[in-house]
Amino acid sequence: MDESNRASSYLDEPANSRLFLVTSKSITEETIREHFTAFGEIQDIRVVKDKQTKESKGVSFVKFAKSSQACTAMEEMHGACLAEGTKPIKVFIAQSRSSGSHRDVEDEELTRIFVMIPKSFSEDDLKDTFKVYGDIEQAIIIRNKSTGESKGLGYVRFHKPSQAAKAIENCDKTFRAILAEPRTKTASTDSEYFSNPRTEHSGNDPGANSYTFGEYLSSSYATGDTWSSDVITRCLLVSSRVAVTQEQIRGLFDLIPGIDFCEMQRDQHGFSKGQVLVRYNNLGSAVYAKEKLNGFEYPPGNRLSLTYIDDGEDRTSPVGKMAMQLVAAQMMSMVWNGPSGAQLMKTSAGYTAAPVPQKARVQTDVSLPPLRKLVASDSVVKERLFVIFNPSPLPVDVLEDVFCRFGSLMEVYLVPGRNVGYIKYADRKPAHDAIALLHGKVINGIKMKVMLADPPKEESHKRQRTY
DNA sequence: CGACGGGACGC
DNA sequence: CGACGGGACGC
């Protein structure tokens with residue numbers, strides 16, 4: 001960001017800290033400063049002038065350090081007379097420079113705050129908490145319409161914008177107070193951006209998240225799309241658009257037994273070409289790897305592309321019914337050979353077919369317990385895990401799939417932009433079982449460190465974190 | 001090494 | 001009535 005951008009963008013922060021003044025053209029910056037300086041820290045005053053004549057257009061902007069200062073100044077100075085014989089001034093909160101709109105900002109938009117509160121809070125608790133910032137016109141708690149249970153969210157309407165601004169600036173951070181969007185226009189569309197719909201779990205149906213081997217086999221066998229256009233070899237070329245190491249690819253493809261070698265392709269200068277050559281000692285493993293890992297996201301968001309490659313010594317026998325049956329037999333045996341064999345399909349092997357075939361999303365050589373239901377999100381957190389991912393975090397749905405299996409999983413939270421996350425349980429045992437089984441293990445090619453989380457850092461003594 | 005977010009109202 | 005720089009063509 002260059003100097004001019006930095007200089008102009010600060011004018012919009014914090015929100016609603018800049019005033020828009022309409023005055024007589026004779027009113028100067030000095031006069032404005034005299035009358036507004038008592039309300040707070042003035043950071044900038046701009047009197048809009050005609051480019052040629054340099055005469056004031058009767059419009060000025062006053063930037064304060066805080067929104068509450070700007071609001072108080074607006075409330076006190078709107079309609080005031082700054083000099084003898086001049087018209088009363090009008091004072092509004094300025095639209096942000098990026099908004100494009102020049103509509104007046106109404107008090108309606110500045111007097112109501114939106115807060116997160118304990119579910120135990122009543123309307124009176126809400127009023128008692130926020131009345132120190134000013135007269136409260138109304139306090140409302142959002143409740144489930146059928147049960148009447150609080151959703152832990154509420155609105156507080158003050159009489160004056162400065163009161164709402166003070167509440168936002170000074171209340172306990174755990175309330176996460178913000179200005180409420182006006183009620184008239186339909187519920188905010190950007191809530192979608194923040195919402196994190198919980199993945200549905202089917203609890204007692206352990207096969208629901210995977211597709212069964214039998215189903216996979218019959219469907220691909222029937223459509224023939226597995227081998228219709230490819231020459232099958234034991235050798236696969238793995239292409240990745242993001243940097244991966246040979247070791248990472250090795251770890252992934254090692255989940256299928258029978259790997260001969262795994263070799264990063266490099267140019268004459270030794271630079272990676274983003275491709276890794278993998279060879280298995282049998283056709284079945286290569287076919288299986290191609291089926292299961294082609295298009296697989298590793299790291300998440302990056303789809304690996306796999307193609308059979310002729311390594312010069314591995315010509316496939318004529319493709320025909322016999323060859324397909326041979327390959328099929330090898331694949332079947334891999335799956336049903338139990339824990340000693342590949343466990344790519346372990347969650348589905350032996351279970352009845354899911355109604356709709358679905359890509360298995362969890363691939364690991366760890367023996368996982370069956371899926372369990374997640375517990376209600378308003379349960380009390382008894383234990384929290386801290387998980388470190390290498391090289392990159394697993395998707396939340398995959399983590400829920402894995403970490404729910406020990407019982408009483410409440411929530412998975414990934415720290416944005418970091419390779420770490422938190423797992424919340426309503427009981428201690430599932431958390432400790434998860435550590436015992438998963439610490440140091442690899443899921444979908446991602447290595448995890450799983451440990452107990454340190455308690456959240458204490459920010460306030462007024463209120464417990466709601467988790 | 002690797003640490004803390006979410007959130008919307010019966011017009 | 002009373003909106004702030006300069007300067008421009010996309011999925």
Side-chain angles (χ1 to χ4, degrees), chain A residues 2-5 7-9 11-12 18-25 44-51 56-63 87 89-105 112-117 138-146 151-157 173-198 377 381 384-391 393 396 411-424 448-459 465-467:
Chain A
D2 65 19
E3 194 57 40
S4 61
N5 274 340
S8 58
S9 62
L11 294 173
D12 286 329
R18 201 168 59 117
L19 294 180
F20 170 57
L21 271 59
V22 182
T23 71
S24 291
K25 297 188 197 314
D44 187 62
I45 297 180
R46 178 182 299 266
V47 177
V48 180
K49 294 173 180 165
D50 183 283
K51 210 62 111 329
S56 165
K57 290 162 86 171
V59 163
S60 303
F61 296 91
V62 181
K63 171 72 175 72
K87 67 182 181 187
I89 64 169
K90 293 189 241 183
V91 184
F92 306 91
I93 292 293
Q95 289 280 8
S96 66
R97 290 167 71 85
S98 52
S99 81
S101 165
H102 286 170
R103 171 185 61 80
D104 292 350
V105 177
R112 197 175 62 141
I113 65 170
F114 181 49
V115 291
M116 304 181 80
I117 49 178
Q138 191 184 30
I140 293 178
I141 286 169
I142 302 172
R143 299 176 182 280
N144 181 313
K145 285 174 196 65
S146 41
K151 291 187 177 170
L153 298 169
Y155 296 100
V156 178
R157 168 86 68 188
K173 296 287 175 288
T174 61
F175 289 114
R176 310 209 178 251
I178 57 173
L179 269 187
E181 291 289 328
R183 198 163 56 94
T184 46
K185 58 177 183 184
T186 45
S188 75
T189 40
D190 67 5
S191 65
E192 274 297 313
Y193 176 82
F194 294 106
S195 76
N196 189 12
R198 173 175 282 192
S377 54
V381 178
R384 224 162 51 116
L385 300 181
F386 179 57
V387 186
I388 302 157
F389 305 94
N390 195 335
V396 171
E411 192 196 15
V412 170
Y413 167 63
L414 292 177
V415 179
R418 318 230 67 125
N419 291 335
V420 301
Y422 296 91
I423 316 277
K424 296 174 197 168
M448 298 187 301
K449 292 184 189 175
V450 183
M451 57 204 89
L452 289 180
D454 293 338
K457 64 169 180 245
E458 201 68 41
E459 260 182 61
R465 183 188 175 86
T466 51
Y467 284 96

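Reminder, nothing fancy here: chain letters follow the sequence lines and each chain counts from 1. Computed over heavy atoms, backbone and side chain alike; hydrogens, waters and symmetry mates excluded.
Across B:dG5, C:dA3, B:dG10, the shortest atom-to-atom separation from the side chain of A:Phe61 is found for C:dA3. Nearest nucleotide to the side chain of A:Val22, out of B:dG7, C:dG2, C:dG5: C:dG2. Of the candidate nucleotides C:dG2, B:dG2, B:dG7, C:dG2 has the atom nearest to the side chain of A:Lys90. Nearest nucleotide to the A:Phe386 side chain, out of C:dA3, B:dC4, B:dG2: B:dG2. In the set B:dA3, B:dA8, B:dG2, the nucleotide with an atom closest to the side chain of A:Arg418 is B:dA3. Nearest to the side chain of A:Met116, among B:dA8, B:dG5, B:dG6, sits B:dG6. Comparing atom distances between the A:Glu181 side chain and each of B:dC9, B:dG5, B:dA3 picks out B:dC9 as nearest. Nearest nucleotide to the side chain of A:His102, out of B:dG7, C:dA3, C:dG5: C:dA3. If you check C:dC4, B:dA3, B:dA8 against the side chain of A:Lys57, the one that comes closest is C:dC4. Counting only heavy atoms from C-beta on, A:Val420 has its side chain closest to B:dA3 among B:dG7, B:dA3, B:dG6.
As a whole-Å value, the separation of A:Tyr413 OH from B:dG7 P is 11 Å. When the P atom of B:dG6 is taken as reference, atom NZ of A:Lys173 falls 16 Å away, rounded to whole Å. The distance from atom CD of A:Glu411 to atom P of B:dG7 is 9 Å, rounded to the nearest whole Å. A:Ile178 places its CD1 atom 13 Å from the C1' atom of B:dG5, with the value rounded to the nearest Å. Taking atom CD1 on A:Ile141 and atom P on B:dG10, their separation rounds to 12 Å, with Å as the unit. What separates CE of A:Met448 from C1' of B:dG2 is a distance of 15 Å, to the nearest Å. Atom CG in A:Asp50 sits about 12 Å away from atom P in C:dC4, given to the nearest Å. Separating the CG atom of A:Leu385 from the P atom of B:dA3 is a distance of 17 Å, rounded to the nearest angstrom.
Here the CG-CD1 distance, from A:Leu19 to A:Ile93, works out to 5.0 Å after rounding to the nearest 0.5 Å. Interatomic distance, CD1 of A:Ile45 versus CZ of A:Arg18, reported as 12.5 Å (0.5 Å rounding). In this structure, CZ on A:Phe61 lies 9.0 Å from CG on A:Leu21, to the nearest 0.5 angstrom. Separation of atoms CG (A:Leu385) and CE (A:Met451) is listed at 9.5 Å; rounding is to 0.5 Å. How far OH of A:Tyr413 is from CD1 of A:Ile423: 12.5 Å, rounded to the nearest 0.5 Å.
Under the stacking definition used here (centres under 5.5 Å, planes under 30°), the residue A:Tyr155 fails to qualify as stacked on the base of B:dA8. With centroids closer than 5.5 Å and planes inclined by less than 30 degrees as the test, A:Tyr422 and the base of B:dA3 fail to qualify as a stacked pair.
Residue-level contact check: A:Arg112 touches the bases, meaning some heavy atom is under 4.0 Å from a base atom. Here A:Ile142 lies in heavy-atom contact (under 4.0 Å) with sugar-phosphate atoms only. Among the protein residues, A:Leu414 comes within range of no part of the nucleic acid, since none of its heavy atoms lies under 4.0 Å from any strand. Here A:Lys449 lies in heavy-atom contact (under 4.0 Å) with a base. Counting any heavy atom pair closer than 4.0 Å across all strands shown, A:Arg18 reaches a base atom. Contacts of A:Asn419 with the nucleic acid, taken as non-hydrogen atoms under 4.0 Å apart, are absent. Residue-level contact check: A:Val115 touches the bases, meaning some heavy atom is under 4.0 Å from a base atom.
Residue A:Lys49 places none of its side-chain N or O atoms closer than 4.0 Å to OP1 or OP2 of C:dG5. Distances shown here put a side-chain N or O of A:Arg183 below 4.0 Å from the OP1 or OP2 atom of B:dC11.
A:Phe389 places a side-chain heavy atom less than 4.5 Å from the side chain of A:Met448.
Heavy-atom nearest nucleotides on DNA chain C were determined for A:Lys51 and for A:Asp104, and the one closer to the 5' end corresponds to A:Asp104. Nearest-nucleotide mapping onto DNA chain B: of A:Phe114 and A:Ile140, the residue sitting toward the 5' end is A:Phe114.
Of all non-hydrogen atoms in A:Arg384 and A:Lys424, the two that sit nearest each other are CG-CG, 3.7 Å. Annotation for A:Ser60 and A:Val47: closest pair OG-CG2, 3.6 Å, computed over non-hydrogen atoms.
With hydrogens and angles left out, the side chain of A:Lys424 and the base of B:dG5 share a donor-acceptor pair within 3.5 Å. Under 3.5 Å, the side chain of A:Arg46 and the base of C:dC4 form no donor-acceptor pair of N or O atoms. Residue side chain A:Arg143 does not reach the base of B:dC9 through any donor-acceptor N/O pair under 3.5 Å, judged by distance alone.
Applying the 90° criterion around 0 to the glycosidic angle, C:dG5 comes out syn.
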